[in-house]
Amino acid sequence: MKTKRKAREYTVAAALTKGDWATKLSAIVMGLGCMLHKQVVKGLLIFGVEIAYILFMVNTGIGCLADLPGLGDKGQEKVWNEAKQIYEYTAGDNSLLMLLYGVAVLFVTAAFIVFWVIQMRQAIYLQMRQAEGKHINNFREDLKSLGNEKVQIPLMSLPMVGILGFTVVPLVFMISMAFTSYSKEGDHLTLFDWVGFQNFVRVLNLNGNIGRQFWSVLGWTICWAFFATFLNYIMGMILAMIINRKDTHWKGFWRFCFVLSIAVPQFVSLMIMHIMLQPQGAVNVILQSLGWIKSPIPFMTDAMWCRVTIIIINLWVGIPYTMLQVTGILQNIPAELYEAAKMDGAGPVTIFRKITLPYMLFVTTPYLITSFTGNINNFNVIYLLSGGGPTHVGDTAGKTDILVTWLYKLTVDNQYYNIGAVIGIFTFIILSIVALVTYHRSGSYKNEEEFM
Amino acid sequence: MKNTKRTIVNIIVHAFLAVLAFIWLLPIVWVVLTSFRGEKGSYVNSFFPKTYTLDNYIRLFTNRNVLNFPQMFANTLFIAVCTCIISTFFVLSIAFCMSRLRFAFRKTYMNMAMILTLFPGFMSMVAVYYILKALGLSEGSMIRVALILVYSAGSGLAFYIAKGFFDTIPKSIDEAAIIDGATRWQIFTKVTMPLSKPIIIYTVLTSFIGPWVDFIFAKVICRANAQYYTVAIGLWNMLQKEYIHQWYTCFAAGAVVISIPIAALFMFMQRYYVEGMSGAVKG
């Protein structure tokens, strides 16, 4: 409650209306409010930040921002150099760098505005405290508070810089690419322009080549995520129950066998699977030498076989994980429930359907959601197993490509950056719908402080 | 009558588990066998090798001309150690702030983190590459720094498990420490950390394993600079068309060499993960 009242009183609006001349002038000469209210060092530091920002904007910032709407139009040119008697190439505009710097300057400016708001609030806060005759921290006390009630500032600033620089800025940069013509198509790799929603229309349009691929990839992505999540979940649970059964011997040994397959790095085991399932790979060799099949099974070359194979291999990858996750929870199901059901003459299938499954679904919904979104983003399994193939001639997406592997192929292999960015945005939209709807309902979000 | 039925069910269950365990262990056994195989080449017509040899391992560690495995190993180790230090610090400090402190920005940060983790990680990969290039980190030995940054910079978003653990430490412990005159910083270092051994070990190990098993970012950032390759790209390369015939059995050897320590770490970590899940103060 206390922080809320504070936030309501010390706003920028209050600073501009109720502030004295020093507070009001802080809007232009930042830090003045601090300087005239006993916080000289802090005020000077704030003023220094303002000077640095202005110098930066005058030197480079404004130029970068001015480039942003047009993204440059000067191509590389050949110029005859009289003195050296050779042709020289002038560097043309590079739209990508202009976009990157433009986005970066926008972020610096946004950070500066936040900083401005904070110092305005600080100014009115100091003014009011002084008017009330309360103690005002000097610089040393301020520094000390960084180790105590404001310890979140030193603890969180470095991680936040990392997140801003390597997650947020790149994301905004990529999202803005979705609205440009940055692509190998039409040779727009150095010079490109804003094109509005054209790329989105292209991706959604069922009649175009890209649009047709998008809908088929989207269908397979959802189908894959559904099967991968629920088959793994049910089968992993059954496996855990079989191992947990009272009469099963060597429980530890069985668990060890399955956990061993998780412990091997995933990319290693997937590459091994990829090799084993080739036409002359180990699986076909064994089956042929046993005489069960005459010609090799086209695990990776036939679209239908490939899809089924991937889902099955994913069972190999995923079942041990589920087993680990649910073993503890299964043991928590009240034993009376089972006894009562047995008294009423329920068989093992009915018990599973009516008791175990509802209980588990109730407890593990958050786990199911994370694994569903994880599967939509499951790059490794698809890329390392099938590489997205088999691929039609002329298509960029293969028959087993999901959205993220297609995104990778579009950007890294084909350099269709704008279409790739659109695919990324759509992936995000799908994931956020799934996550937001369910996350806010989950108990762990609502009752955060239940155990404290 | 009832006993015989029970015995039959038990036999069926154990046979079923044995078959499953066989399926799950088959690929692993096959790699181990292949790593000792004397015959070259990727495709063979028998499951068991005809001749056994240690040459694949020897070649993996001595042949430095084509694919320099020892160098890759050293690269990955260096990157993994640095990443591990930075991201453990990031994860623990963010988790501490989110769990033990209350300030205006907290809920905003948690919602923002949730939204950001929904974007496919490498969607921004191309952009990250250009940012690294603009910072001058995309050439020469700076590639190592670039990889460390890429692996650790975003780790402040992955605080949920550690936060869940810190949430189980009773608040009264903090309050008692504050009454005794401890600052928040002292609570972090002297109260919360000593109580959190399982989750610290878990965080250290997960962030250490990360660089060993990622190959997408490494591939995009290293490109053709073979002397900065990590183990994952090296192994991946051994299976490409131009190398597979010569290097296939070495790939198996490399896979075994990498998997053993990672599997050991994983098994070790598993214990702490389970402990971490069950909370700090047992009741």
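Lettering follows sequence order; numbering is per chain, from 1. Values below: all heavy atoms of this structure, side chains included; hydrogens, waters and symmetry mates excluded. As the structure is a computational prediction, the values presented were derived from the model and not from experiment.
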Of the listed residues (A:Leu324, A:Val412, A:Val168), which shares the most heavy-atom pairs with chain B below a 4.5 Å separation?
A:Leu324
Name the member of A:Val264, A:Val151, A:Val268, A:Leu171 that forms the most heavy-atom pairs with chain B at distances under 4.5 Å.
A:Leu171
Please classify the contact of B:Lys219 with chain A as side chain, backbone, both or neither, using a heavy-atom distance under 4.5 Å.
side chain
Do B:Thr34 and A:Ile272 come close enough that some side-chain heavy atom pair is under 4.5 Å?
no
Measuring from atom CZ of B:Arg184 to atom NZ of A:Lys150, what distance do you get when rounded to the nearest 0.5 angstrom?
12.0 Å
Region of B:Leu17 that comes under 4.5 Å of a non-hydrogen atom in chain A:
both
To the nearest 0.5 Å, tell me how far A:Met156 CE sits from B:Met98 CE.
3.5 Å
Distance col, row B:Ile131:CD1 vs A:Phe166:CZ, nearest 0.5 angstrom, shows 7.0 Å
Which bit of B:Val31 is near chain A, if near means a heavy-atom gap under 4.5 Å: side chain, backbone, both or neither?
side chain
Distance check, rounded to the nearest 0.5 Å: B:Ile115 atom CD1 versus A:Leu431 atom CG?
12.5 Å
Looking only at B:Ala113, B:Gly164, B:Ala264, B:Ala232, the option with the highest number of non-hydrogen pairs under 4.5 Å against chain A is B:Ala232
Considering only heavy atoms and a distance below 4.5 Å, find which of B:Phe96, B:Trp212, B:Phe89, B:Tyr109 pairs most often with chain A.
B:Tyr109
Please look at B:Leu20 and chain A and tell me whether the side chain, the backbone, both or neither of the residue comes under 4.5 angstrom of a heavy atom of that chain.
both
Would you mind reporting whether A:Leu260 and B:Trp24 have side-chain heavy atoms less than 4.5 Å apart?
no
Between A:Leu99 and B:Tyr130, is there a side-chain heavy-atom distance shorter than 4.5 Å?
no
Gap between atom CD1 of B:Ile216 and atom OH of A:Tyr408 - 0.5 Å precision
7.0 Å
Select one option (side chain, backbone, both, neither) describing which atoms of B:Ile260 are under 4.5 Å from chain A's heavy atoms.
neither
Toward chain A, the part of B:Phe266 with a non-hydrogen atom under 4.5 Å
side chain
Shorter than 4.5 Å, heavy atoms on both sides: which option in B:Gly254, B:Ala127, B:Ala18, B:Ser87 has the most such pairs with chain A?
B:Ala127
